[in-house]
Amino acid sequence: MKRNMTQWVADLIANEDKRPMPVLSFPAVTLMDISVRELISDSELQARAMALIAEKLPTLCALGFMDLSVEAEAFGADIIVPDGEVPTVVGALVTDEDAADALEIPAVGAGRTGLYIESMQKALQRITDRPVLAGAIGPFSLAGRLMGVEDALVYCFDEPDMVHTIMEKTTRFVTDYILAFKAVGANGVLMAEPLTGLLSPTLAEEFSTPYVKQIVDAVQDDEFMVIYHNCGQSVMYMAEQLTSIGAAGYHFGNAADLEAMLQQMPDNVPIFGNLDPAGQLFAGDTASVFAATTEIVNRCGEYKNFVPSSGCDIPPLTSWDNIDSFFKACHERFYKGPPEDSRY
C-alpha cells in the first residue's frame, strides 16, 4: 500500500503516543514451529511470519528480515545457518586487489535475494494497516562480509584502494536491491550498517558515509523512506556525518547512549532504539525486560522524535513473554494505544 512517508514521519513526530518498532522478525519461528533454515528458504513462510507478528503486536511498522547474509551470498560468499540463530557468512571472497577488480556485481534476484523480494510482495498483500519496510545490509557491512570482517578493518589502512573498489560494487548492488523492494511496493527499508560502528569517525567518513548517502539519494523519496541502523559505540562521535546522509530515520544499538544521540540529532527525524536484544530480550526475564525498557522510555520519552525499539535484531529463540514485557512497558510508560491494544 503506497503511503506518503514524508507526511507519515511528520505525523509520527507530532503524535505523543508512538507505537514501538522493535527489530522483530526471526522469533516468528517459535510461533510457527519451524526452523530458521526453513524460514530463510521460503517466501511464503516469510510473508506469513511478518503478517503473524503484525497481527499479534501493535508495531509501528512491519519489518522484513535483517538477514545480513543474503547480499553476500548473492556475490558468492559461503554461509552457515546454526540451529536457532540467524545465518552467518564464513570465509573471505576477496583477499587482494586482483580479486576486488574481478568481483562481479550479481543481478538482483541472485541467490536468495529474489526470494526476499517475493516475500515482501506477498507480505504487502497481507499487511495494509501500517507501513511495511524491507531489510537490507549497508554497503560497508556487505564489503566486510566479502573481505572477512576482521580483515576488512585492516584493509582500510593497508589496502584502501581495494576497499574503495569493493565499496563501489557493493553500493551499486545494494542500491539495485533496495530499488527492487521499492518496485514491489515496500514503504521503506531498514538498512543495517553495523560494521561501520567499529570504524573511527574518520574512517567511516571515507569508507561508509559517502556510499550510504549515494544509496539514500538514489532510493529515498516521499513514498519510500530509509532508516539507517548502526549498532556500534562509535556512532556517539558521528552525529554530524550521519545527519549528512539524509536518511528519514536513524536506528541505534544498545552500545550507544540513546539520549546523547537524541540530543545531537535533528528533532524532526525519528530516532529508534535501543533495548539490548541479546542481554535483555533474549537472556533476561520479564521483570528485567520491563525495568530496562521503562528506564529507556523514561529517559528518552521527553524527546518528540524518540521511538522505542530493540537495539538490533531480536534473536530467533527469544521468549515471547519477554517480547510482550517490552510492549507492556512501552504501553504503560509511553504508548497508550487504541482500545484493541488494551491487553498491554
Side-chain angles (χ1 to χ4, degrees), residues 66-80 82 85-103 105 135-175 190-216 228-242 244-245 247 250-257 261 273-274 276-279 311-313:
M66 190 182 280
D67 180 349
L68 304 187
S69 70
V70 173
E71 297 89 343
E73 186 184 33
F75 271 89
D78 293 325
I79 70 165
I80 57 172
E85 297 181 26
V86 297
T88 302
V89 176
V90 293
L93 198 63
V94 180
T95 57
D96 56 39
E97 282 198 50
D98 288 342
D101 291 336
L103 183 68
I105 303 172
I137 197 170
F140 184 72
S141 297
L142 174 54
R145 280 156 177 76
L146 299 179
M147 292 182 281
V149 169
E150 293 183 4
D151 289 336
L153 303 177
V154 176
Y155 289 145
C156 288
F157 292 98
D158 296 347
E159 299 287 348
D161 290 343
M162 181 182 84
V163 177
H164 281 297
T165 296
I166 299 171
M167 287 299 301
E168 290 170 3
K169 296 182 178 184
T170 59
T171 298
R172 285 168 56 189
F173 178 74
V174 172
T175 300
L190 177 63
M191 181 167 60
E193 189 71 313
L195 190 56
T196 299
L198 300 180
L199 296 176
S200 69
T202 299
L203 288 176
E205 195 163 19
E206 179 177 359
F207 293 106
S208 176
T209 303
Y211 294 101
V212 172
K213 180 170 172 51
Q214 284 183 40
I215 295 171
V216 172
Y228 171 90
H229 165 79
N230 187 320
C231 52
Q233 189 174 16
S234 61
V235 297
M236 302 293 300
Y237 313 102
M238 295 182 183
E240 185 174 351
Q241 64 171 290
L242 292 182
S244 73
I245 290 170
Y250 294 85
H251 189 284
F252 297 119
N254 50 282
D257 181 333
M261 294 309 297
N274 71 344
D276 186 347
C312 196
D313 195 24

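Numbers here are sequence positions counted from 1.
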- Query: Are side-chain heavy atoms of Met191 and Val174 found at a separation under 4.5 Å?
  - Reply: yes

- Heavy-atom closest pair (Phe252 atom, Val235 atom, distance to 0.1 Å) is CD2-CG2, 4.1 Å

- Got a second to check how far Asn254's CG is from Asn274's CG, nearest 0.5 Å? 6.0 Å

- Taking atom SG of Cys156 and atom CE of Met162, what is their separation to the nearest 0.5 Å? 9.0 Å

- Reported CZ-to-NE2 distance for the pair Phe207 and His164, which is rounded to 0.5 angstrom: 4.0 Å

- Set of side chain to side chain donor-acceptor pair (under 3.5 Å) partners for Tyr155, sequence neighbours left out: none

- Query: With Asp257, which residues qualify under salt bridge (charged side-chain N to carboxylate O under 4.0 Å, His left out), at least two apart?
  - Reply: Arg299

- Starting at CZ of Arg172, measure out to CD of Gln214 and round the result to the nearest 0.5 Å. 11.0 Å

- Say you draw a straight line from CD1 of Ile245 to CG of Leu242; how long is it, rounded to the nearest 0.5 Å? 5.0 Å

- Query: Who are the side chain to side chain donor-acceptor pair (under 3.5 Å) partners of Asp67, not counting sequence neighbours?
  - Reply: Ser69, Arg112, Tyr116

- Sequence neighbours left out, what passes side chain to side chain donor-acceptor pair (under 3.5 Å) with Tyr228? Give chain and number order. Asn230

Could you list the donor-acceptor pairs under 3.5 angstrom formed by side chains in residues 137-154, with sequence neighbours left out?
| from | atom 1 | to | atom 2 | distance (Å) |
| --- | --- | --- | --- | --- |
| Ser141 | OG | Glu193 | OE1 | 2.9 |
| Ser141 | OG | Leu195 | N | 3.1 |
| Arg145 | NE | Leu68 | O | 3.4 |
| Arg145 | NH1 | Ser141 | O | 3.1 |

- Query: Who pairs with Lys169 by side-chain contact (heavy atoms from CB on, under 4.5 Å), at least two apart in sequence or on another chain?
  - Reply: Leu103, Ile105, Thr165

- Work out which heavy atom in Ala204 is nearest to a heavy atom in Thr196; give both atom names and the distance. CB-CG2, 3.8 Å

- Task: Measure across Ala77 and Leu93 and return the closest heavy-atom pair with its distance rounded to 0.1 Å.
- Result: N-CD2, 4.0 Å

- Item | Test item: Thr170 side-chain N/O and Met167 main-chain N/O as donor-acceptor pair under 3.5 Å | yes

- Side chain to side chain, Met66 and Cys312, heavy atoms closer than 4.5 Å: yes

- Message: Atom CD of residue position Glu97 - does it have more than 12 heavy atoms of other residues, nucleotides or ligands inside 6.0 Å?
- Response: yes

- Note on the structure: Here the pair of heavy atoms bringing Cys231 nearest to Gly311 is CB-O, 4.2 Å

- Separation between CD (Glu206) and CG (Leu199), nearest 0.5 Å, reads 10.0 Å

- Message: With a sphere of 6.0 Å drawn around CD of Gln241, does it hold more than 12 non-hydrogen atoms of other residues, nucleotides or ligands?
- Response: yes

